[in-house]
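To start, the structure under review is shown below, and the notes come after it.
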Amino acid sequence: MKHSNMRILLIEDETGIANFLRQGLEEEGYFVDLAQDGASGLSMALTGAYDLLLVDWMLPGMTGLEVCRVYRSEKYTSPVIFLTARDTVQDTVLGLQTGANDYIKKPFHFDELLARIEVQLRPKNETATDTEFILGKIKLNVETHQVWKDEDEILLTQKEFDLLEYLIRNKGKVCRRSQIIESVWDIHFEYNTGVIDVYINALRKKLNLKKDEDYIQTIRGIGYIAKELEQV
Ligand code: CA
């Protein structure tokens, strides 16, 4: 059982979906606890027993959004993934602003959900020891400080390299502007985060990202995400 030490709290009021997800996740070796309304989900979450929360957006009593907001206000850091049928940009931004790490739109494929969960639960030191990172056609080596796209070496400035490295190390995760500033520029978020956009634009240009190579995506009002694109 590859995930046998991981505990997931599933907060989902639709019994059919809840049972389907619980069974699937348990087959993957996760321990799964289920809550079917927001308030009981929240009190379970606040025990601090979970490595990840899977939270439906629309719940009776208390919404998933409120659950997440309170969970974060109590300083819990386990990743939160929203299950949502709402798909407007505004709702997504709202979800991420409350401290969710990712969201997945219903209906979704179970395999996609599994992949998102694995990204969130991947041990941080697992990537820290790697020297080579891949993002689509882009390859980055942190030891030699080299970047390639396909076979072409791309020459980047130190900051451009640091920014790309940060995004690639966090591939599949939303990187907030304040996090990027703190990690790459080593300063705090009161600083004008507009500098990030300048560097992102420079990166996109140097990497010559075509329309179908949108590996560095903007999440309006939040930040950026480095993403492998779905195979067509
Ligand atoms: Ca629901």
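Counting starts at 1 for both ligands and their atoms, in listed order. For the single chain, residues carry numbers from 1 onward in sequence order.
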Inset, instruction - Please name all residues satisfying side chain to side chain donor-acceptor pair (under 3.5 Å) with Asp51, sequence neighbours left out, ordered by chain then number. - result: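 By the side chain to side chain donor-acceptor pair (under 3.5 Å) rule, Asp51 matches no residue at all.
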Inset, instruction - Give a yes or no answer on whether the side chain of Glu66 reaches the backbone of Thr63 with a donor-acceptor pair at less than 3.5 Å. - result: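 Yes, because the side chain of Glu66 sits within donor-acceptor range (under 3.5 Å) of the backbone of Thr63.
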Inset, instruction - Only pairs at least two apart or in different chains count here, so list each salt bridge (Lys or Arg N to Asp or Glu O under 4.0 Å) that has a residue in residues 34-44. - result: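 Every candidate salt bridge (Lys or Arg N to Asp or Glu O under 4.0 Å) pair involving residues 34-44 fails, so no pair, neighbours aside, qualifies.
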Legend entry - Shortest non-hydrogen separation from Leu42 to Ile11 and the atoms involved: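 Taking Leu42 first and Ile11 second, the nearest heavy atoms are N-CD1, 4.4 Å.
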Inset, instruction - May I ask you to say whether Arg176 pairs ionically with Glu182, meaning some side-chain N is under 4.0 Å from a carboxylate O? - result: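 No, no charged N to carboxylate O under 4.0 Å.
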Inset, instruction - Using a cut-off of 3.0 Å, find all protein N, O or S atoms closer to the Ca ion (ligand 1) than that distance. - result: Asp13 OD1, Asp56 OD2, Met58 O
Atom pairs and distances, side-chain donor-acceptor, residues 197-204, under 3.5 Å, sequence neighbours left out:
unit_1: Asp197; atom_1: OD1; unit_2: Arg177; atom_2: NH1; d: 3.3
unit_1: Asp197; atom_1: OD1; unit_2: Arg177; atom_2: NH2; d: 3.2
unit_1: Asp197; atom_1: OD1; unit_2: Tyr224; atom_2: OH; d: 2.5
unit_1: Asp197; atom_1: OD2; unit_2: Arg177; atom_2: NH2; d: 3.0
unit_1: Asn201; atom_1: ND2; unit_2: Asp197; atom_2: O; d: 3.3
unit_1: Arg204; atom_1: NE; unit_2: Ile216; atom_2: O; d: 3.3
unit_1: Arg204; atom_1: NH2; unit_2: Ile216; atom_2: O; d: 2.8
unit_1: Arg204; atom_1: NH2; unit_2: Thr218; atom_2: OG1; d: 2.9

